[in-house]
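One is the number of the first residue; the rest follow in order along the sequence. Order of appearance sets the numbers: ligands from 1, and atoms from 1 within every ligand.
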Amino acid sequence: MGRFGDDKIEEVRSRADIVEIVGAHVRLRRAGRNFVGLCPFHNEKTPSFSVNAERGFFHCFGCGVGGSVFNFITRVEGLTFPEAVRSLAKKYGVTLPEHDVAGPAAGEREAMLKASEVAAEFFAHVLWNTTDGAMARDYLKSRGISVETARAFMIGYAPSRPASLAKALEKRGLREAGVKVGLIRKDGNVAIGAETYDMFRGRVMFPIRDAQGRAIAFGGRVLDARLPKYINSPESPLYSKTRTLYGLFEARQAISSSASSGKDRAILVEGYFDVIALWQAGFKEAVAGCGTALTVEQLRVLSRYTKNVIACFDGDAAGRKASMRALEIFLQAGLLGRGIFIPSGFDPDTFVRERGAAAFADLTEKSELLVDYFIRDQAEKVGGPTAALEKRVQAAKLVAEKLRLISDEIQFNLIVRKTEGLLGIGEEVLRKEARGPGRS
Ligand SMILES: [Zn+2]
């Protein structure tokens, strides 16, 4: 899949008109936000096959087949995945790299990975073996992070001298690659009197790793409180903020090894320190966004490993609001999502350190479906199933808006039934409000 580069595949995917492509094989008609038609993959008389143009996928509620425009082409035209990418790239005018694997683009990518690896090793060396690192070692200790944990996450320290890493990269011929991944800059910085200088200076460094464990970007936390607390690597050919989760490499194994017992799950938190503190306390399945708000893409990546994702929120009003926003993102990613609320004044890091692992485990056991919080919230606002019908219908409309985001029929039915109970609104009314293919 990676032979064209993920960016190229994404470009083809976003340019391709899935309605046009599917429409060449299936007679489609518009139904609300979607297009529906008779499924080309199983025999049917009433349409249960739908195409979502906005989100670029198709799904059949009858036989369960679904996926991207590429999956459609591979199935219907019998092409391999790369052939499907090539065919669509040609049709929509996207230029693909000439050489699949060993071309110059691949060489450049290798150099960027090498530069990131050299940087991670350099930062770790400075942290553990130099006097520059002493302050950072003390700092990690003050946050309760053991040496073993710090090493597992490849934590390092970027010295405050302006061009320390730049020199290390230049020596290995990796200056250009270092610039491309945002580790060094060469536009000259008058303030620090250097032509080529390090982006990260005087910061505790958290390498962000890809699924294979290779550093692809960094987050840096300052020790000097006068500067911005965190800076993160910019987007690069190696690194997309919206698709990357911090800690996924470390969590992956824990998640998949519990899959056979059906107890697989991921815990979604906000910061590097949350992931690290939970890992150290035995919750190896914790991951975090990389300084961005949660995205659908991040959840899609995570859902390849587990469908059971517990998100942590602050236990205040802002946290409640955040959980409502998260619900929409979870549903768009095809996940129901569970939530826990961390008591006010704590974050997962401080909570697990001060209250202990058992207290955190208790919280996760009390996790609830995000959609339950949402429906209950709506029901409470209007006064429950005995409130005036008008008010309940209004609340039902809000729930129906969320229902429209659900493509899974079982999930959809589950939530319709819950809403019926909490709002006293008939199933038929809800279905009508949230009408989609196969649901009218
Ligand atoms: Zn079908």
Side-chain angles (χ1 to χ4, degrees), residues 1 9-10 12-89 91-92 259 296-297 299-308 328-337 371 400-419 427-428 430-440:
M1 222 204 217
I9 291 175
E10 199 43 57
V12 176
R13 191 201 310 276
S14 61
R15 283 223 214 154
D17 180 352
I18 191 167
V19 174
E20 183 188 1
I21 297 296
V22 175
H25 300 272
V26 180
R27 259 181 79 178
L28 295 171
R29 68 175 169 82
R30 188 175 262 288
R33 288 185 163 192
N34 298 321
F35 289 85
V36 297
L38 293 173
C39 179
F41 306 116
H42 85 280
N43 261 323
E44 63 174 2
K45 291 206 175 73
T46 51
S48 48
F49 181 86
S50 94
V51 178
N52 185 319
E54 277 167 38
R55 288 155 68 194
F57 72 73
F58 70 97
H59 181 74
C60 173
F61 293 99
C63 64
V65 165
S68 68
V69 67
F70 302 124
N71 302 126
F72 184 84
I73 293 286
T74 56
R75 279 189 170 265
V76 97
E77 292 180 7
L79 302 180
T80 64
F81 190 88
E83 284 164 351
V85 174
R86 264 196 215 99
S87 141
L88 288 172
K91 186 172 167 68
Y92 290 99
V296 175
E297 291 97 323
L299 285 179
R300 290 223 175 100
V301 169
L302 193 53
S303 72
R304 286 187 217 141
Y305 301 96
T306 180
K307 307 283 178 215
N308 186 16
E328 227 163 86
I329 298 164
F330 270 89
L331 293 180
Q332 284 174 41
L335 295 172
L336 281 182
V371 72
E401 265 175 38
K402 303 285 187 257
L403 282 170
R404 278 190 214 121
L405 299 172
I406 301 176
S407 52
D408 184 289
E409 196 67 1
I410 297 169
Q411 294 180 354
F412 183 90
N413 289 330
L414 176 86
I415 292 157
V416 164
R417 259 176 268 123
K418 284 189 178 178
T419 314
E427 214 178 302
E428 283 317 303
L430 277 167
R431 279 182 194 283
K432 214 171 135 202
E433 277 298 329
R435 191 168 42 213
R439 289 168 181 172
S440 36

Within 6.0 angstrom of Arg300 CZ, more than 12 heavy atoms from elsewhere = yes
Got a sec, which pairs hit salt bridge (Lys or Arg N to Asp or Glu O under 4.0 Å) with one end in residues 45-57, sequence neighbours left out?
->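 Listed by first then second residue: nothing to list.
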Counting only protein N, O or S atoms (no waters) closer than 2.8 Å to the Zn ion (ligand 1) gives 4
Tell me, please, which residues at least two apart from Phe330 pass ring pair (Phe, Tyr, Trp, His ring centres under 6.0 Å).
->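 So Phe330 forms no ring pair (Phe, Tyr, Trp, His ring centres under 6.0 Å) with any residue.
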Residues Arg417, Glu427: salt bridge by 4.0 Å N-O rule = no
For Thr74 and Asn71, what are the C-alpha separation, side-chain angles and deciding distance, and is it a side chain to side chain donor-acceptor pair (under 3.5 Å)?
-> CA-CA 5 Å; Thr74 56; Asn71 302 126; 4.8 Å; no
For Arg15, what residues pass the side chain to side chain donor-acceptor pair (under 3.5 Å) criterion, not counting sequence neighbours?
-> Glu11
